[in-house]
Structures are given as structure tokens and as C-alpha cells.
Novice: 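Let me begin by handing over the structure; questions about it come next.
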Amino acid sequence: MTPELPVGIHDLTFSTTSLVLTHEELARHTGAPLAKYHHGIGQRSMSIPAVDEDIVTMAANAAAPVIDRHGKDRIRTLLFATETGIDQSKAAGIYVHRLLGLNPHTRVVELKQACYAATAALQLACALIRSDPTQQVLVLASDIARYDIGSPGEATQGAGAIAMLIAANPAILSINTPSGLYTRDVMDFWRPNYRTTPLVNGRRSVDAYLEALTQTWHDYKERGGLPLEELRAICYHQPFSRMAHKAHQHLMHLAGTHQTAEIIEHAVAGTTTYNETIGNSYTASLYLALTSLLDSETNLEEETIGLFSYGSGSVAEFLTATIQTGYRNALHTERHRTAITQRTPITYDTYRELRSQKLPTDGEALHLPHQTPGRHRLAGTHTHQRLYEAVDKRCPQ
Ligand code: CAA
């Protein structure tokens, strides 16, 4: 029998916004104890977009180093996962396709199912590669997490984008079968088309997340999945980093082991570094946790890890991946650390001012000031169209 062709993540990078609001600054205005933010939800700061940054510019910035390194000739599909859609009809990925100068003979699609959509994109990409291993798929996940001012969710905002190049014989990790799946119609978090912020039942959403973890784990095990002891680490979707602790404790309990808080802390520590400071990035969040783990000191060569993806509403998946020998050579660790440290801290007043700014809804022309240091920007709007530009010559339009 022919051994199954390894298919998975060949390259992986993230980008975030150029501005950051710390939880110290937020706490000064909400009156919440800082310990609630730092320990109760496990967040230190959150990325805030400048006026000329959005899901398209973040996604293009995340993908640009992947294109610089691997070229674009083999990319036949671009899948863009988001729940911060900018258009009801046109896929956001088409703007990225132009900004990166991708081949016109490419299929570009946007996928939506809350924070889960990037995992759907990853699995669809793997299936495409298995049917034609000569091609590559660019998977992008980009979101801006915004909640109502003064709501419990406000401290769990953030923004970020992930770019993953999916290919046969991947340099970083291969995606395994089986995976565990679960769908349930639950109103824990949703955003009707007429709203810019979601409606959230916070406690219910945490319970729905944990129930989905139970159900996907059982489904994974019933389909012949590995025992928990064989998973070297597990990355969880992180709406806030403390959720990874809750999830890991829950999974340990399901597997019949009781772990102390210190052991749980140690088990998830490598996966929370980036999410703690970037905040929730919805579709990108799980893959930010994965990037954080890969960029950590832990040597994961030949190890199998678990990934738990949850999207409110809700759809969830528990899957596993095997890390490849030499994977460290394919990482962008320094770039990732710089993306976080080079953000400019903003005051609460600036945050509120940015939140109050809106793009025209009447077709009026708007020129946006150049604020972002990124390689792509939203230059303005004209006749109901968003105008994007590449500001770096390495990425021709
Ligand atoms: N020191 C230390 N800890 C403190 C503290 C203090 N002074 N004060 C409070 N805490 C702890 C609380 O004990 C609590 O811990 P536990 O959860 O372990 O009990 C934690 O801080 C949070 O406190 P509250 O429950 O009082 O917080 P809250 O009412 O402000 O709401 C939240 C928390 C529900 C997560 C809210 O931030 C929220 O609605 N967030 C958005 C929804 C969300 O993220 N849901 C997660 C699952 S859904 C999902 O995963 C999809 C997605 O991306 C949105």
C-alpha cells in the first residue's frame, strides 16, 4: 500500500496592527481591577487598527513574507477566513490577490463560520492538495475583534491575521486524520448584518465552547484518535488566554486525570504568549496559539500536537498535526516578535477616537492619512469602493 502523502503547513506567519492598548490603560478607565484582566482573563494588551489598517491589509502583510520566500507560481487557490467581512458579496481575498500580484488563474473564496472558518479553510486546502500535490493553497485568516464599549467583552478585543501556505511534503507540520467534529445551533455570540459589534452571552459562550470540546474529543476518540498522552501539546482557540487553561483542565478531566493549576499553566504556557498581548483575533486565534508554540523553546520535532478550533454559533473541530524534522528553519520567529514589540501604545482617548471613526456610507470620497508602517494600506474610499495600495515595491499591485 502507498503511504499517505504528508500534506499540511509549509509556511506560517502572522501580522497584527501597528497600535496597542494595554490593559493597564483600559483598567484606568473601566475601573476593573487589573488582576481581573491579567489573571482572570489572562490578557496584557490588545492590538488596535490604525485608520488605514483592516482585515485586508493585515492579511496581505501576513502573506507577503510567504510570497517573498516561496514565490506565487504554485498557488492555485486563496481561501480567506473572516468574521469581520467588509463586503456582503465580494471576497476580501480578491483585494489581497491583487496586492500580492498573484496569478490570475487562481480561485479566491471567503469562508465564514465565526472563529472556526480558518480550520475549515485548512481542511479544504489539504483536500485540494491531496487531489493535486503539485499545487499550493494560501489560507488567510484575518479578524478585528470589537465589542461594545463598556461591555464585558471589551477587555477581550484584539486584531491579527495568519497566513498559511498549504502544500504536500510540508516543512512545518502535516495534518492527520481522523478529526472530531461538532455542530450545534446555539446563540452564544452572533452579529446580525446591521451591527458592527456582536451580541454575546459571555457565560453561555464559555459553556458552549467547553461542551464543543467534550463533543469533538469524544468524536475524535470514537474515530480511532490517539490517546491524550501521545499529544505533546495542545493549542486551543483563545478568545482570551485564560480560556486555554479552562479548556485544558476540561480535557484532562474528560481523559480521567486531575492536574493542578500549576501543571495546567505549564502545559499551555507556550501557546499563550502571542494571544496574551494581541488579544482575540477570532479566525486567526488558534493559529496564533500554534505559531506561539512553534516559536517557543520547546523542541517539537516528530511530535504530534492537538488543535481545538471553536467558532460560536457553533462549529468545532479537534484535529492533530505532526511536526516535521527541521521545522525551525521554516519559522519567522524574529519577525513575529518584532511585529508585537514595534506596535505603538495608545491612550484610552485615542482608542475611543479610533473607535468613533467610520468610513462613509454614502459613496463620498475619503482619503485616509498614511499611519500604518505596514506594506499595505487602505488609502481611502471612493464611490462605495475601498482603495488599497501596496507601499512596498516587493509586492507589485
Ligand atoms: N483578580 C483575579 N481574577 C479575577 C478578579 C480579580 N480581581 N476579578 C475577577 N476575576 C476572574 C473571575 O473570577 C473570572 O474567573 P473564572 O472565569 O475562572 O471564574 C474571570 O476573572 C472573569 O471574570 P468575570 O466572569 O466576572 O468576567 P466578565 O463578566 O467580565 O466576563 C467574559 C468574562 C464572559 C469572558 C467576557 O469577557 C466576554 O463576554 N467575552 C467575549 C465572549 C468570549 O470571549 N467568550 C469565550 C467563548 S466564545 C469563543 O471562544 C468565540 C470567540 O472568540 C468570541
Side-chain angles (χ1 to χ4, degrees), residues 23-24 26-44 46-47 81-84 112-120 141-162 182-191 195 197-216 235-251 253 261 264-265 268 271-272 274-276 278-289 307-318:
H23 281 76
E24 280 95 341
L26 183 66
R28 270 195 282 279
H29 291 82
T30 60
L34 190 55
K36 174 178 175 177
Y37 293 159
H38 282 181
H39 305 296
I41 60 169
Q43 290 305 125
R44 299 260 150 193
M46 50 204 199
S47 287
T82 188
E83 56 177 307
T84 320
K112 178 180 69 185
Q113 181 9 66
C115 308
Y116 170 72
T119 303
S142 185
D143 269 304
I144 298 168
R146 272 198 199 103
Y147 294 87
D148 286 342
I149 303 284
S151 71
E154 188 181 20
T156 67
Q157 297 178 121
I162 280 281
Y182 183 63
T183 289
R184 182 166 73 113
D185 184 0
V186 52
M187 299 308 280
D188 60 331
F189 171 110
W190 69 106
R191 182 164 69 85
R195 286 185 60 102
T197 51
L199 296 155
V200 190
N201 184 331
R203 283 290 128 200
R204 190 170 191 199
S205 71
V206 170
D207 292 345
Y209 176 118
L210 295 176
E211 173 62 11
L213 177 56
T214 304
Q215 295 291 341
T216 54
C235 298
Y236 298 93
H237 167 61
Q238 288 174 36
F240 48 94
S241 76
R242 189 57 60 179
M243 193 69 221
H245 297 237
K246 288 181 192 292
H248 198 58
Q249 197 161 37
H250 188 78
L251 191 57
H253 181 72
I264 299 285
E265 176 88 38
V268 300
T271 71
T272 58
Y274 294 155
N275 300 67
E276 277 168 19
I278 285 175
N280 197 354
S281 53
Y282 294 158
T283 51
S285 165
L286 168 63
Y287 298 94
L288 206 58
L307 298 160
F308 175 65
S309 181
Y310 176 75
S312 289
S314 64
V315 178
E317 180 162 350
F318 189 94

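Just so we're clear, the structure is a prediction, and the values are computed from it rather than from any experiment. As the structure lists them, so they are numbered: ligands from 1, and atoms in each ligand from 1. Along the sequence shown, residues carry numbers from 1.
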Novice: Are any of the side-chain heavy atoms of Glu211 and Val186 separated by less than 4.5 Å?
Specialist: no

Novice: Which residue holds the protein heavy atom closest to atom 44 (O) of ligand 1, what is that atom called, and what is the gap in Å?
Specialist: Pro239 CB, 3.3 Å

Novice: Which of the atoms of ligand 1 are close to Ser312, meaning less than 4.0 Å from one of its heavy atoms?
Specialist: 48 (S), 49 (C), 51 (C)

Novice: Taking atom NE2 of His29 as the centre, report whether more than 12 heavy atoms of other residues, nucleotides or ligands fall under 6.0 Å from it.
Specialist: yes

Novice: Atoms of ligand 1 less than 4.0 Å from Phe189 heavy atoms?
Specialist: 54 (C)

Novice: At a 4.0 Å cut-off, with the gap strictly under it, does some heavy atom of Met243 reach an atom of ligand 1?
Specialist: no

Novice: Could you tell me whether some N/O pair between Tyr282 and ligand 1 is separated by less than 3.5 angstrom?
Specialist: no

Novice: In the protein, which heavy atom is nearest to atom 43 (C) of ligand 1, and how far is it?
Specialist: Ser205 OG, 3.8 Å

Novice: Can you tell me how the ring of His237 sits relative to the ring of Tyr310, calling it parallel under 30°, perpendicular over 60° and tilted otherwise?
Specialist: tilted

Novice: Do you see a donor-acceptor pair shorter than 3.5 Å between the side chains of Ser281 and Asp143?
Specialist: no

Novice: Show which atoms of ligand 1 fall inside a sub-4.0 Å distance from at least one heavy-atom site of Tyr147.
Specialist: 41 (C), 54 (C)

Novice: Show me which atoms of ligand 1 lie under 4.0 Å from any heavy atom of Thr156.
Specialist: 37 (O), 40 (N), 41 (C)

Novice: What atoms of ligand 1 come closer than 4.0 angstrom to any heavy atom of Asn280?
Specialist: 52 (C), 53 (O), 54 (C)

Novice: Under 4.0 Å, heavy-atom basis, I'd like to know which part of His237 is in contact with ligand 1: side chain, backbone, both or neither.
Specialist: side chain

Novice: Nearest protein heavy atom to atom 35 (C) of ligand 1, by residue and atom, and its distance?
Specialist: Phe240 CE2, 3.4 Å

Novice: Where the side chain of Gln113 meets the backbone of Ser312, is there a donor-acceptor pair that is under 3.5 Å apart?
Specialist: yes

Novice: Verify the contact flag for atom 14 (C) of ligand 1, where contact means a protein heavy atom under 4.0 Å away.
Specialist: no

Novice: Is there a polar contact between ligand 1 and Lys36, counting only N or O atoms under 3.5 Å apart?
Specialist: yes

Novice: Going by heavy atoms, is Gln238 under 4.0 Å from ligand 1?
Specialist: no

Novice: Give me the atom names and distance for the closest heavy-atom approach of Met46 to Gln157.
Specialist: CB-O, 3.2 Å

Novice: Nearest to atom 34 (C) of ligand 1, what protein heavy atom do you find, and at what distance?
Specialist: Gly202 CA, 3.6 Å

Novice: Which of the numbered atoms in ligand 1 are below 4.0 angstrom from a heavy atom of Arg203?
Specialist: 17 (O), 24 (P), 25 (O)

Novice: Is there a donor-acceptor contact under 3.5 Å from the side chain of Arg191 to the main chain of Arg195?
Specialist: yes

Novice: Without swapping roles, check the side chain of Gln43 against the backbone of Glu276 for a donor-acceptor pair under 3.5 Å.
Specialist: yes

Novice: Please report the interatomic distance OG1(Thr197) to CG(Asp148), rounded to the nearest 0.5 Å.
Specialist: 3.5 Å

Novice: Just by distance, no angles: are the side chains of Thr119 and Tyr287 close enough, under 3.5 Å, to form a donor-acceptor pair?
Specialist: yes

Novice: Could you tell me whether atom 32 (C) of ligand 1 has a protein heavy atom closer than 4.0 Å?
Specialist: no

Novice: Does Pro152 approach ligand 1 within less than 4.0 angstrom via side chain, backbone, both or neither, non-hydrogen atoms only?
Specialist: both

Novice: Going by distance only, is there an N or O of Tyr310 that falls short of 3.5 Å from an N or O of ligand 1?
Specialist: no

Novice: Is Cys115 in polar range of ligand 1, meaning some N or O pair under 3.5 Å apart?
Specialist: no

Novice: Can you tell if the side chain of Phe308 reaches within under 4.5 Å of the side chain of Leu251, non-hydrogen atoms only?
Specialist: no

Novice: Would you check the N or O atoms of Tyr209, main chain and side chain alike, for any that come under 3.5 Å of an N or O of ligand 1?
Specialist: no

Novice: Which is closest to atom 42 (C) of ligand 1 in terms of heavy atoms, Thr283, Val200, Thr30?
Specialist: Val200

Novice: Quick check: closest heavy atoms across Ala141 and Ala284, and the distance to 0.1 Å?
Specialist: O-CB, 3.6 Å

Novice: Note the single closest protein heavy atom to atom 1 (N) of ligand 1, along with its residue, its atom name and the distance in Å.
Specialist: Ala35 CB, 3.5 Å

Novice: State whether the side chain of Glu154 and the backbone N or O of Gly150 hold a donor-acceptor pair below 3.5 Å, judged by distance alone.
Specialist: yes

Novice: Looking at Arg44 and Glu24, what are the two nearest heavy atoms and their distance?
Specialist: O-OE1, 4.3 Å

Novice: Identify the protein heavy atom lying closest to atom 21 (O) of ligand 1, giving its residue, its atom name and the separation to 0.1 Å.
Specialist: Gly40 CA, 3.0 Å

Novice: Atoms of ligand 1 less than 4.0 Å from Lys246 heavy atoms?
Specialist: 16 (P), 17 (O), 18 (O)

Novice: When you compare the side chain of Pro239 with that of Phe189, does any pair of heavy atoms fall below 4.5 Å?
Specialist: no

Novice: Determine yes or no for a side-chain-to-main-chain donor-acceptor pair under 3.5 angstrom, with Gln249 supplying the side chain and Ala261 the backbone.
Specialist: no

Novice: With heavy atoms of Pro33 as the reference, note each atom of ligand 1 found under 4.0 Å away.
Specialist: 7 (N)

Novice: Below 3.5 Å, N or O to N or O, backbone or side chain included: is there any such pair between Asp188 and ligand 1?
Specialist: no

Novice: Among all protein non-hydrogen atoms, which one is nearest to atom 38 (C) of ligand 1, and what is the separation to 0.1 Å?
Specialist: Gly153 CA, 3.8 Å

